[in-house]
Amino acid sequence: MEDTLFKILDYGVYGTAVLVILIGLYGALVKRSLLKIVIGLSIIDSGINLLLVAIGYLKGGTAPIFSPGYLDNPKIMVDPIPQALVLTAIVIGFGVTAVALALVIRLYRHHGTLHIDEIRNLKW
Amino acid sequence: MKKFVVILLLAVMGYYISITFFDIGFGDSHLVEGVVPVKDAYLNETVNSLNVANTVTSIVVNFRGFDTLGEVTVLFLAVTALGGILYKKRHQAGERSVLFSASKVVTSGSKLLFPAIVLLGAYVFIHGHLSPGGGFQGGVIIATGFLLMLLAYENFTVGHNTLSVIESLAGITFAGVGIWGLIYGGSFLENFLPVGTLNDLFSGGVIPIIYIAVGFKVAAELTGVIYTVLHEKG
Amino acid sequence: MIGAAVYSIRQKDLLYATIATGIISLVLSVLFYLLQAPDVALTEAAIGVALTTIIFIITIRNTVRYEDEHDNKEKFKSGVK
């Protein structure tokens, strides 16, 4: 019983990440407003970043920074490779969001609405 | 009805993703018998032959330096695309800017805070190889400082020419260091400076130089993004 | 964090939804710190909380605030564009 409980707590991070990804995907699929779709995409981004960092976690590990005289044993350090990957992914994600929002502004200026059904019905 | 189908689809997807990750296991040391993981190689190399304290920095700048060059290029392309998409003839009648003048308290406070924020950003990217932080984080913090000034002062301007000169110089430094390594070390971004001692400010060879260049480049690019979007007239 | 995500998807007022995504980023950066990734936590705190939120707010200011709003059609047809 207790083992199961601890296991559920341990996998809480994975569960949170997967749920956040699914919520963002739901928003991007169901909502009809362009801004809501961009918000959904940025939520998916957050969830994937959390998932990647969680894969590299080591139980009882330390941050991958060496400091002489303290705990600097490479064996108990957290995996640094997903962290470097996520560092890049966050900055690129911001660039993608900025370009998407610029396109949204441009579409609004052209059509006067953000509802994608109406945009589809309008003439260019 | 449509929502129901989507929820059902997502539930099936979530079930299979969860099953996969329960198999991987949280906090285990995903080791395969008899194989030395890349992680150990990177960690040993970082502390023994590069003398850099922060492993994430050494991976981003040294082992995966080419990816970082590509990433900075992608950011540059994003800024260019933003300027191209939002291009519009200025000075049309009946338009109102997003900006309006802030109150006295906000302007005085931002004037006080701005140097401190820029100093924090510079500290973060100069010490990127010693402590958590680095070029990307420091650049973003400096861009936040410029954002504060742009919001507080209605007619605070950042010269586009200055930004592009800083950005180009930083990019040339990055690529130049890489090519210098190609000439002296035999491969792109090879280390050609003495590595110094661990936890010294001047350690790690070319890593601090490249990270400072990345910091300037990211700060200039993100300030350009904010400036373009803020001066967009709706 | 899940609550903030659900709120930001369900909320009709896009300004509140944007603030909720800022809260997601804040919780996410605390989680990164707890997962022993201080570099990533710094980046997420600076980009997610400050820059993404402000760029969304500027876009909302330039377009519409509510999700189902169909305004400004007349203005655009009369050639103010």
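Computed from a predicted structure; not experimentally measured. Residue numbering restarts at 1 for every chain, and letters A, B, ... go by the order of the sequence lines.
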Does atom CZ of B:F216 have more than 12 heavy-atom neighbours from other groups under 6.0 Å away?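 12 or below, so no.
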If you tally heavy-atom pairs under 4.5 Å against chain C, which of B:L222, B:N54, B:I141 wins? B:N54
C:D39 and B:G133: which non-hydrogen atoms are nearest, and at how many Å? OD2-N, 3.1 Å
Minimum heavy-atom distance B:V140-C:A46, with the two atoms named: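 Closest heavy-atom pair between B:V140 and C:A46: CG1-CB, 3.3 Å.
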In the structure I gave you, are the side-chain heavy atoms of B:L147 and C:L51 within less than 4.5 Å of one another anywhere?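 With C-beta onward as the side chain, the pair touches.
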Between C:I55 and B:V225, is there a side-chain heavy-atom distance shorter than 4.5 Å? yes
Which residues from residues 17-34 of chain C are near chain B, with near meaning under 4.5 Å between non-hydrogen atoms?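 The stretch does not come within 4.5 Å of chain B.
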Contact class of C:I54 relative to chain B, heavy atoms under 4.5 angstrom: side chain
